[in-house]
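Numbering of residues begins at 1 and proceeds along the displayed sequence. In this text, all values refer to a predicted model and were calculated from it rather than measured experimentally.
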Amino acid sequence: MAVGRERLTELYGDRVVDEIEFLLRTLDEIELVIQRGWEAYADDVLLQRAVEGSANRIGDTIRNKIPVQLQKDHLGVDAWSEWVDWRVFLAHHYHRVDPRRIWQDMIRDVPRFRRFIAEELLGG
């Protein structure tokens, strides 16, 4: 059952809802890259860097702007922390980033997390 924007605002305030909506928009941007397909991603370093930047924004937003209580109540802190870990890996281990691994992470995790935010948290 969806929480919805109104209830989230009551519980956490407008600013947190704005940050959740920002996460949704950023996930939408990554989905645009996914729609282009593996070959386009693999052949275009700018797309790869765009995804890295998006991952940075997602991880930073979760770590600094999404209350831990919200994380505990919805999916659990570990699920949210995986996004922070992804950001840390891409930001600090960039010399070991394998585009195939990032692609697999994206196609597995982004649509699912986007759906969770859109349907379960924001309710629409």
Side-chain angles (χ1 to χ4, degrees):
M1 183 170 164
V3 178
R5 283 177 175 84
E6 187 175 311
R7 183 68 177 139
L8 284 173
T9 301
E10 290 172 14
L11 293 170
Y12 304 105
D14 289 328
R15 185 69 182 144
V16 170
V17 173
D18 289 346
E19 297 299 340
I20 292 169
E21 290 173 338
F22 172 77
L23 288 174
L24 183 62
R25 288 190 307 274
T26 305
L27 291 162
D28 285 342
E29 292 168 1
I30 296 175
E31 284 204 328
L32 291 173
V33 174
I34 292 170
Q35 290 172 10
R36 290 183 177 205
W38 160 248
E39 288 185 18
Y41 176 75
D43 291 342
D44 190 339
V45 71
L46 295 178
L47 285 179
Q48 293 171 29
R49 296 304 172 263
V51 168
E52 291 169 19
S54 294
N56 188 53
R57 289 187 295 281
I58 291 168
D60 190 57
T61 299
I62 290 170
R63 182 180 55 196
N64 296 309
K65 298 178 180 176
I66 304 299
V68 172
Q69 190 60 50
L70 185 150
Q71 295 177 38
K72 286 180 183 177
D73 292 345
H74 305 283
L75 283 182
V77 173
D78 289 344
W80 292 84
S81 292
E82 289 178 14
W83 290 93
V84 175
D85 293 345
W86 196 46
R87 175 239 176 249
V88 169
F89 175 76
L90 291 174
H92 298 287
H93 302 282
Y94 48 85
H95 57 283
R96 296 188 329 203
V97 171
D98 177 1
R100 284 180 217 89
R101 177 181 174 194
I102 302 309
W103 179 259
Q104 291 303 316
D105 290 346
M106 286 188 329
I107 64 173
R108 180 190 63 232
D109 298 334
V110 168
R112 181 174 49 208
F113 193 53
R114 190 217 171 275
R115 217 172 13 260
F116 163 75
I117 289 175
E119 296 173 11
E120 303 284 329
L121 283 183
L122 296 174

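- The salt bridge (Lys or Arg N to Asp or Glu O under 4.0 Å) analysis of residues 84-100, with sequence neighbours excluded, yields the pairs D98-R100.
- Residues H74 and V3 share a closest heavy-atom pair of CE1-CG2, 3.2 Å.
- For the pair L121/L24, no side-chain contact is recorded, criterion being any heavy-atom separation below 4.5 Å from C-beta on.
- Considering every non-hydrogen atom in both V110 and E31, the closest pair reads CG1-CG, 3.6 Å.
- Considering only residues two or more places apart in sequence or on other chains, R57 meets the side chain to side chain contact (heavy atoms under 4.5 Å, CB included) condition with F22, T26, E29, S54.
- Residues L11 and I20 share a single hydrophobic cluster, defined by chaining ILVMFWY side chains whose heavy atoms lie under 4.5 Å apart.
- Within the structure, no pair that satisfies the side chain to side chain donor-acceptor pair (under 3.5 Å) test touches residues 35-48, not counting sequence neighbours.
- Under the side chain to side chain donor-acceptor pair (under 3.5 Å) criterion, Q71 pairs with no residue, sequence neighbours left out.
- Applying the side chain to side chain donor-acceptor pair (under 3.5 Å) rule to E19 yields the partners R15; only residues at least two apart in sequence or on another chain are considered.
- E82 pairs by the salt bridge (charged side-chain N to carboxylate O under 4.0 Å, His left out) definition with nothing, not counting sequence neighbours.
- The hydrophobic clustering, which links ILVMFWY residues whose side-chain heavy atoms are closer than 4.5 Å, places I58 and V97 together.
- For the residue pair V84 and G59, the shortest heavy atom distance occurs at CG2-O, 3.5 Å.
- For the residue pair G123 and A2, the shortest heavy atom distance occurs at CA-CB, 3.5 Å.
- Here the CG-CZ distance, from L27 to R25, works out to 11.0 Å after rounding to the nearest 0.5 Å.
- Within the 4.5 Å cutoff, no side-chain heavy atoms of L8 are placed close to those of V16.
- Counting only heavy atoms from C-beta outward, the side chains of L90 and N56 never approach each other to under 4.5 Å.
- Counting only residues at least two apart or on different chains, the side chain to side chain donor-acceptor pair (under 3.5 Å) pairs with a member in residues 102-117 are D28-R114, W86-D105, D105-R108, D109-R112.
- For N64, the side chain to side chain contact (heavy atoms under 4.5 Å, CB included) partners two or more places apart in sequence, or in a different chain, are D60.
- For the salt bridge (charged side-chain N to carboxylate O under 4.0 Å, His left out) test, no residue two or more places apart in sequence or in another chain qualifies with D78.
- For R101, there are no side chain to side chain donor-acceptor pair (under 3.5 Å) partners at least two apart in sequence or on another chain.
- Looking at residues two or more places apart in sequence or on another chain, you find a side chain to side chain contact (heavy atoms under 4.5 Å, CB included) between L75 and A79, W80, F113, F116.
- We find the CD1-CD1 distance between I107 and I102 to be 12.0 Å, quoted to the nearest 0.5 Å.
- For S81, the side chain to side chain contact (heavy atoms under 4.5 Å, CB included) test picks out V77, with sequence neighbours left out.
- From T61, atom OG1 reaches atom CD1 of I66 across 7.0 Å, with rounding to the nearest 0.5 Å.
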